[in-house]
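Data first, discussion second: the structure below is written as C-alpha cells.
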Amino acid sequence: SVFVRGDAMKHEPFRLTAPPLFGVSAESSDEWYTPQWLLAALPPVDLDPCSDPGRETPADRHYVGAEGEDGLALPWSDRVWVNPPYSDLTRWCAKAADHAARNDPAYVIALIPFRPEGFWHGTVWSARWIAHTKRRIVFEHPRGCPSAGAGRFPSALVIWGREASKAKRHLASKLKHVPIQWIAPGR
C-alpha cells in the first residue's frame, strides 16, 4: 500500500498506531479488502469464498457475495484463502475449522483480527498455525486505494489443513519484512 507522508511517497504496509476509526469514515461496511502486498505473498489458492467484485485474489474460483454467491453455503476446495466479513467472524471461522476437520484440505488461510478470546476457542485455536502481525494492517477500500489508517487491532493469519506447515513456510518466506509472531496452537 502506498500513501503520502509529507512530500515523499513511501511503501508502508503497516502503521504503528491506528486512528480511532477503521478507515476513512465511520460507515459500518465490511468492504475492507486485503492489501496487494499480502495477496502477492499467498501460496497457490483454489478458492476465495469472500471475494471482492474485482476478484483481486489470485485464486482459480471466487465466490462474490455482491453477486449473490454465499461462500458459507457453497462448497470449499483444497486450497482456500478467506478474508471474511468481520461482522460475521464466528460463522466464517467455524466454516474454515469445520472444512479443515471434515474435508482434509491442503490448507485454509484466514485473515482475521487478532483477538484470542471468545469465538477463537474451538475454531481458531484448532488451527495448525497462527501468525500474529505485530503491527496493524492498512487495508484497501473497494476503490483499490489504501485506507486512511490501519485497523483498530492487530491481525492474524490463521492456517488450518494437512499442508498448513507448507503454507506457513511459504508465507514466512514472502513476508520477511512483516513483524510476525508465529504461534502453533496445541503443540
Side-chain angles (χ1 to χ4, degrees), residues 1-3 5 10-19 22-23 30 32-52 56-59 78-86 89-90 92-97 99-100 105-141 146-187:
S1 299
V2 179
F3 62 92
R5 179 177 285 166
K10 183 178 180 184
H11 175 77
E12 185 171 309
F14 293 99
R15 294 208 182 142
L16 293 174
T17 59
F22 186 63
D30 272 337
W32 296 97
Y33 302 155
T34 308
Q36 290 297 316
W37 61 266
L38 182 51
L39 291 175
L42 291 176
V45 175
D46 299 323
L47 174 68
D48 178 356
C50 291
S51 187
D52 63 276
E56 297 293 324
T57 303
D78 199 42
R79 299 175 301 180
V80 179
W81 161 255
V82 59
N83 178 2
Y86 286 10
L89 286 169
T90 302
W92 283 96
C93 288
K95 169 80 174 190
H99 179 63
Y107 46 81
V108 176
I109 305 170
L111 174 62
I112 64 172
F114 184 77
R115 294 182 179 155
E117 73 280 337
F119 77 90
W120 273 44
H121 296 284
T123 56
V124 176
W125 287 121
S126 70
R128 299 262 176 106
W129 288 101
I130 299 171
H132 168 218
T133 60
K134 294 186 177 185
R135 295 187 187 156
R136 296 167 185 197
I137 293 177
V138 177
F139 287 86
E140 294 183 1
H141 288 292
S147 64
R152 294 176 285 181
F153 37 75
S155 295
L157 291 167
V158 182
I159 311 171
W160 295 266
R162 71 178 185 281
E163 293 181 17
S165 292
K166 181 178 177 182
K168 181 246 183 201
R169 284 190 303 276
H170 179 92
L171 285 164
S173 73
K174 299 287 186 176
L175 298 175
K176 290 180 182 175
H177 66 286
V178 179
I180 291 177
Q181 174 187 8
W182 288 96
I183 302 165
R187 291 187 186 187

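All values below were derived from every heavy atom in this structure, side-chain atoms included, with hydrogens, water molecules and symmetry-related copies excluded.
Every residue two or more places apart in sequence or in another chain that forms a side chain to side chain contact (heavy atoms under 4.5 Å, CB included) with A106 is listed here: D78, R79, R162, E163.
Checked against V80 for a side-chain contact (heavy atoms from CB on, under 4.5 Å), the options V108, I109, D48 give a single hit: V108. Put simply, the residue from T133, V82, N83, V158 that forms a side-chain contact (heavy atoms from CB on, under 4.5 Å) with L111 is N83.
Between W120 atom CH2 and F114 atom CZ the span is 5.0 Å, to the nearest 0.5 Å. Within the model, atoms CG of L171 and CG of L42 stand 6.5 Å from one another, a figure rounded to the nearest 0.5 Å. One finds the OH atom of Y107 at 13.0 Å from the OG atom of S165 (value rounded to the nearest 0.5 Å). The NZ atom of K134 sits 5.0 Å away from atom CD of Q181, with the distance rounded to the nearest 0.5 Å. Considering CD1 of I180 and CZ of R135, their distance stands at 11.5 Å, rounded to 0.5 Å.
Between P116 and W125, some side-chain heavy-atom pair lies under the 4.5 Å cut-off. For the pair T123/T90, no side-chain contact is recorded, criterion being any heavy-atom separation below 4.5 Å from C-beta on. Between E56 and Y33, the closest side-chain pair of non-hydrogen atoms is not below 4.5 Å. Residues W92 and L89 fail the side-chain proximity criterion, which asks for heavy atoms closer than 4.5 Å.
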- Mind running side chain to side chain contact (heavy atoms under 4.5 Å, CB included) on T57 and T34 for me, showing each step along the way? CA-CA 8 Å; T57 303; T34 308; 5.7 Å; no
- Could you go through the side chain to side chain contact (heavy atoms under 4.5 Å, CB included) check for L157 and L38 one step at a time? CA-CA 10 Å; L157 291 167; L38 182 51; 4.3 Å; yes
